[in-house]
Amino acid sequence: MSDRTTTTDPEDLARRYGTPLYVYDLDRLRAARRDLFGWLPDGFEVFYAFKANPHVDLVRALREGEGPACKAEISSTGELAAALEAGYPGADILYTGPGKTPEELNTAIGSGVRTFSAESLTDLEHIGAAATRHGTVADCLLRINSAQASATTSIRMTGAPTQFGIDSETVAELAPKLREVPGTAIAGLHLFSQSNARDEEALIGELTHTIEVAAAIQDDLGVELRLLDIGGGFSVPYAQHGERAAYPKLKAELEAALDVHFPRWRQGAPRLAVESGRYLVGDSGTLVARVSNVKVSRGRKFVIADAGINTFGGMSGLGRLLPVTVSVEAGAETEKASLVGPLCTPGDVLGRQIEVPVLEAGDLVRIPNTGAYGPTSSLLMFLGRPAPAEAVVSAGELVSVTRIAHVRTSLRQEDTGE
Ligand SMILES: *Cc1c(COP(=O)(O)O)cnc(C)c1O
């Protein structure tokens, strides 16, 4: 077979390149980007959270082409390398995370990153020390852990004791110190209180509340904000059938809240931003796995596939193994079975007693909406299996097919000959 395949059908690609295989469709990713900018007031910026999927072809597509470009929200030097490779200028990168080390701050600033989310006074001091070493000043968004939040959401990240952000009730007292950290300028605020808000009312409630909180914090700080990142929560099904959420009322509600709390926002004071990972990439991905075996245990059927929590099941480290749904071939008969992976642990379950086609060893199964929190949030190294292959397609053409490699290297100079 020639490598110049004319088909971008996931199962054809799986037969050619092997399984497990992710196929990401850039057309869908571009549609998600267009929709997300469309739900927001004009002029809003969108930071793409690289942790959802740092594949360089995907992050490049979020920056290039028609329409407003995404900026990058990263939190490691690995994600920094992906952002730089994909062409994001330092000015379009926001560096976040609760445990930034001096080495990574040094690398980030040396690469031209100038905007950081600061999670505490000491984090701000670390950023300032690195910036000073480079003879520059870092623009810092203070990440705020708001005392109250407004809506019910699936991952609540504020209001409780946490490693994230500065407790909102302490800002007024800390303000003189926060304003004086050498090598830093307080450029704005960063609030991220929720993930995956399926319900539009909940999302609107949370984001408008965030705007209100930010206005109060601005007063406590005594600094005029230049950039306000209100977080996100934009939702897409995770390995389940279904469509990305729609937010038709969001734009008007955000505009109304901003007119009250930041009357000069339409003149860019402050600039406004949201962050999103899953919404932008989630529905671009399809995971194709091959069935290795089918067995029955005490009356229950188990479909054993070559993709397990080493391939998918992002957040498995957080005990957040979410059920997946296998797409059913049209007209196919279905039955109940557990879809499990190949690993020697009973935790390797991708779906317990779910509806699956009648399968046998050698069959392919497709799991939809797997573009976010796939390979890089899975237990890739566990049990020494190769990482899944990842194919990228665009406008009916195959763009790339790659696999992440794990390589053990020696750190001793005498072994490396340095
Ligand atoms: C994880 C994360 C995101 C992305 O969340 P999604 O639910 O994928 O949109 C955005 N911002 C921060 C600070 C995060 O930690």
Side-chain angles (χ1 to χ4, degrees), residues 29 32-33 35-37 39-40 44-55 58-59 62 70-76 78-79 82-83 93-100 115-120 123 140-146 149 151 153-160 162-166 188-200 202-203 206-207 210 214 227-240 244-245 247 250 272-285 312 314-318 320 322 369-378:
L29 171 147
R33 166 179 148 191
D35 287 352
L36 182 53
F37 275 106
W39 303 132
L40 297 167
F44 258 64
E45 298 172 19
V46 173
F47 285 95
Y48 171 60
F50 272 44
K51 81 168 182 239
N53 191 330
H55 193 303
L58 274 62
V59 299
L62 289 171
C70 292
K71 299 185 172 187
E73 198 249 283
I74 61 167
S75 139
S76 69
E79 292 182 348
I93 299 176
L94 168 64
Y95 204 110
T96 69
K100 304 175 206 77
T115 314
F116 293 82
S117 167
E119 308 252 5
S120 58
D123 190 31
C140 292
L141 307 184
L142 300 181
R143 182 159 176 185
I144 303 300
N145 173 24
S146 173
T153 52
S154 63
I155 301 184
R156 165 142 318 287
M157 298 179 77
T158 58
T162 157
Q163 71 268 49
F164 297 108
I166 301 168
L189 300 177
H190 175 204
L191 296 100
F192 181 78
S193 60
Q194 64 179 344
S195 219
N196 214 15
R198 278 169 208 89
D199 174 44
E200 181 173 31
L203 185 85
E206 192 76 35
L207 293 182
T210 295
L227 175 60
L228 173 58
D229 177 347
I230 60 172
F234 306 98
S235 176
V236 62
Y238 184 59
Q240 302 275 346
R244 274 183 283 113
Y247 302 104
L250 179 64
L272 274 302
V274 297
E275 327 182 313
S276 175
R278 70 185 68 228
Y279 190 85
L280 289 163
V281 295
D283 80 353
S284 74
F312 185 75
M315 306 287 185
S316 52
L318 302 179
R320 293 181 55 84
L322 304 176
N369 294 325
T370 47
Y373 303 110
T376 58
S377 48
S378 300

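Atoms within a ligand are numbered from 1 in the order they appear, just like the ligands themselves.
When non-hydrogen atoms are compared, ligand 1 lies under 4.0 Å from neither the backbone nor the side chain of F47. Of all the heavy atoms of E275, the ones lying under 4.0 Å from any atom of ligand 1 belong exclusively to the side chain.
Short contacts between ligand 1 and E73, defined as distances under 4.0 Å to a heavy atom of the residue, involve ligand atoms 10 (C), 11 (N), 12 (C), 13 (C). Short contacts between ligand 1 and Y373, defined as distances under 4.0 Å to a heavy atom of the residue, involve ligand atoms 1 (C), 4 (C), 5 (O), 6 (P), 8 (O). Close approach of ligand 1 to R278 is summarised as follows: ligand atoms under 4.0 Å from at least one heavy atom of the residue are 6 (P), 7 (O), 8 (O), 9 (O). Of all the atoms in ligand 1, the ones that sit under 4.0 Å from a non-hydrogen atom of A49 are 3 (C), 4 (C), 10 (C).
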Carefully, step by step, assess L250 and E200 under the rule side chain to side chain contact (heavy atoms under 4.5 Å, CB included).
-> CA-CA 8 Å; L250 179 64; E200 181 173 31; 4.1 Å; yes
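Classification of the Y247-W39 ring pair by plane angle, with boundaries at 30° and 60°, yields perpendicular.
Across all their heavy atoms, I74 and A83 have their closest contact at CG2-CB, 4.4 Å. Across every non-hydrogen atom of Y279 and R244, the tightest pair is OH-NH1, 3.2 Å.
Under a cutoff of 6.0 Å and an axis angle of 45°, R143 and F192 do not form a cation-pi pair.
An N or O contact shorter than 3.5 Å is missing between Y279 and ligand 1 by distance. Inclusion of G277 in the set of residues having an N or O under 3.5 Å from an N or O of ligand 1 is warranted.
Side-chain contact between T96 and F50 is absent, with no heavy-atom pair separated by less than 4.5 Å. Side-chain atoms of V274 and I230, non-hydrogen and from C-beta on, do get closer than 4.5 Å to each other.
G232 does not count as a contact of ligand 1, since none of its heavy atoms falls under 4.0 Å from the ligand.
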